[in-house]
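As structure tokens, the structure follows; a few thoughts come after it.
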Amino acid sequence: GIDNQLTNLNDEEIEQLDAGLWFSSEFEGEKVPKLRDVLELCKGKISLKIELQPQNGNEVRLAEAVINDIKDTDMSQNVMISSFSKKAIMTVRKLDKNIISGLIVSFLYGEYTGISYANGIIINHNFLNLEQTNAIQRAGKLVYSWTPNSYEDLRAVNRLGVDGIITDYPQRARAVI
């Protein structure tokens, strides 16, 4: 491996990386997929939630690159873009109002139902309640919850009537829903 971040590497350096060996020698030589490759693979099969994690002030550049890949692969109707970064989500909205976007928050405070730059709010499941869910949905926004993983937490979030659940265990969520 290398001691570096992907944002510091160019395409040639990323293409040399081995994405599989850390997992098992059976996957040695597996390349790091580019977003465009993943979008092409998923096209017509599933929808994706893409989380933007900007670093070093690259919110606009990252959002532009992701939107370009989405448009080039004709996946605008099959993705949701989310981020903790207000600037990244505002850029997504400015570039393509048809792509669903969600602002990720750990908890809610203040006036959260009037957020105009995102289609939804994605809230840590530990800090979400029925009153908040209903208020956000009445304001015409989507409510997603992250990351309930236990059956108990998945059931609790499902009872809130959220529009979506982000979990590390989709098979558990499917069993609960």
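Below, all heavy atoms of this structure are taken into account, side chains as well, without hydrogens, waters or symmetry copies. Bear in mind the structure is a predicted one, so any value in this text is a computation, not a measurement.
- At distances below 3.5 Å, at least one donor-acceptor pair connects side-chain atoms of Q132 with backbone N or O atoms of N129.
- There is a side-chain donor-acceptor pair under 3.5 Å between E111 and T113.
- One finds no salt bridge joining E152 and R172 here, because no Lys/Arg side-chain nitrogen approaches an Asp/Glu carboxylate oxygen to under 4.0 Å.
- In this structure, K141 contributes its side chain and I115 its backbone to a donor-acceptor pair below 3.5 Å.
- Checking I70, V66, I81 one by one against V92, the side-chain contact (heavy atoms from CB on, under 4.5 Å) holds for a single residue, I81.
- Between the side chains of Q137 and D163, at least one donor N or O lies within less than 3.5 Å of an accepting N or O.
- N149 contributes a side-chain N or O that, together with a main-chain N or O of D168, makes up a donor-acceptor pair within less than 3.5 Å.
- A donor-acceptor pair is defined here as one N or O able to donate and one able to accept, closer than 3.5 Å; no such pair exists between the side chain of T133 and the backbone of V162.
- For Q53 and Q55, the side-chain atoms include no donor-acceptor pair closer than 3.5 Å.
- Defined by atom type and a distance below 3.5 Å, a donor-acceptor pair is missing between the side-chain atoms of T73 and K43.
- In summary, the side chains of N58 and N56 do not present any donor paired with an acceptor at a separation below 3.5 Å, with no hydrogens or angles considered.
- The main-chain N or O of S101 is found under 3.5 Å from a side-chain atom of N119 such that the two form a donor-acceptor pair.
- Heavy atoms only, all atoms of each residue included: F27 and D18 are closest at O-OD1, 4.1 Å.
- Under the 3.5 Å distance criterion, the side-chain polar atoms of W146 are matched with a main-chain donor or acceptor of V105.
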